[in-house]
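Throughout, numbering of the chain's residues begins at 1 and tracks the sequence. Only this structure's heavy atoms are used, side chains among them; waters, hydrogens and symmetry mates stay out. The structure displayed is predicted, hence computed values, not measured ones.
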Amino acid sequence: MTNAPHILVIDDEPSIVRSLSRILTDRGFEVSTAGSGQEGMALAAGLRPQVVILDLRLPDGDGLPIIREIQKLDPAIRVIVITAFGD
């Protein structure tokens, strides 16, 4: 385990996950990924990342409740919301 800040990427689009993982790893971050909200919450609970990058539209639902759950888990976790949709 390194002392690098840990970032969790929750997104169901493989190309976005690959790109973000590569960019963040190249910049020295430790990166974990999840393809669904449920998987992401399980990882967040176990890993306690410093930052979560979260897609709003996931195969198992809306990302907004996940933000609330992450903040309940640990209010210090920062959440960055991304989406490909304009609405």
Single-linkage hydrophobic cluster Leu24~Ile70, side-chain heavy atoms < 4.5 angstrom: no
Partner set under side-chain contact (heavy atoms from CB on, under 4.5 Å) for Arg27, not counting sequence neighbours: Ile23, Phe29
Least distance between heavy atoms, Asp12 atom then Pro59 atom: CB-CD, 3.5 Å
Residues in side-chain hydrogen bond (donor to acceptor under 3.5 Å, both in side chains) contact with Gln38, at least two apart in sequence or another chain: none
Cluster link Leu56 to Ile7, ILVMFWY, side chain under 4.5 Å: no
Val52 with Leu43, same ILVMFWY side-chain cluster at under 4.5 Å: yes
Glu13: partners by side-chain hydrogen bond (donor to acceptor under 3.5 Å, both in side chains), with sequence neighbours left out: Ser15
Leu54 reachable from Ile80 in the ILVMFWY side-chain graph, under 4.5 Å edges: no
Heavy-atom closest pair, residues Pro49 and His6: CB-O, 3.5 Å
Would you be so kind as to tabulate the donor-acceptor pairs closer than 3.5 Å made by side chains of residues 62-69, with sequence neighbours excluded?
from, atom 1, to, atom 2, distance (Å)
Asp62, OD1, Leu64, N, 3.3
Glu69, OE2, Lys72, NZ, 3.3

Residue pair Leu20 / Asp11, side-chain heavy-atom distance below 4.5 Å: no
Side-chain (Gln50) to main-chain (Ala76) donor-acceptor, under 3.5 angstrom: no
Single-linkage hydrophobic cluster, 4.5 Å side-chain cutoff, Ile77 and Met41 together: yes
Nearest non-hydrogen partners of Ala34 and Leu8, listed with the distance: N-CD1, 4.4 Å
Test item: Asp60 side-chain N/O and Gly37 main-chain N/O as donor-acceptor pair under 3.5 Å: yes
All side-chain hydrogen bond (donor to acceptor under 3.5 Å, both in side chains) counterparts of Thr33, not counting sequence neighbours: none
Sub-4.5 Å side-chain heavy-atom contact between Ile10 and Ile53: no
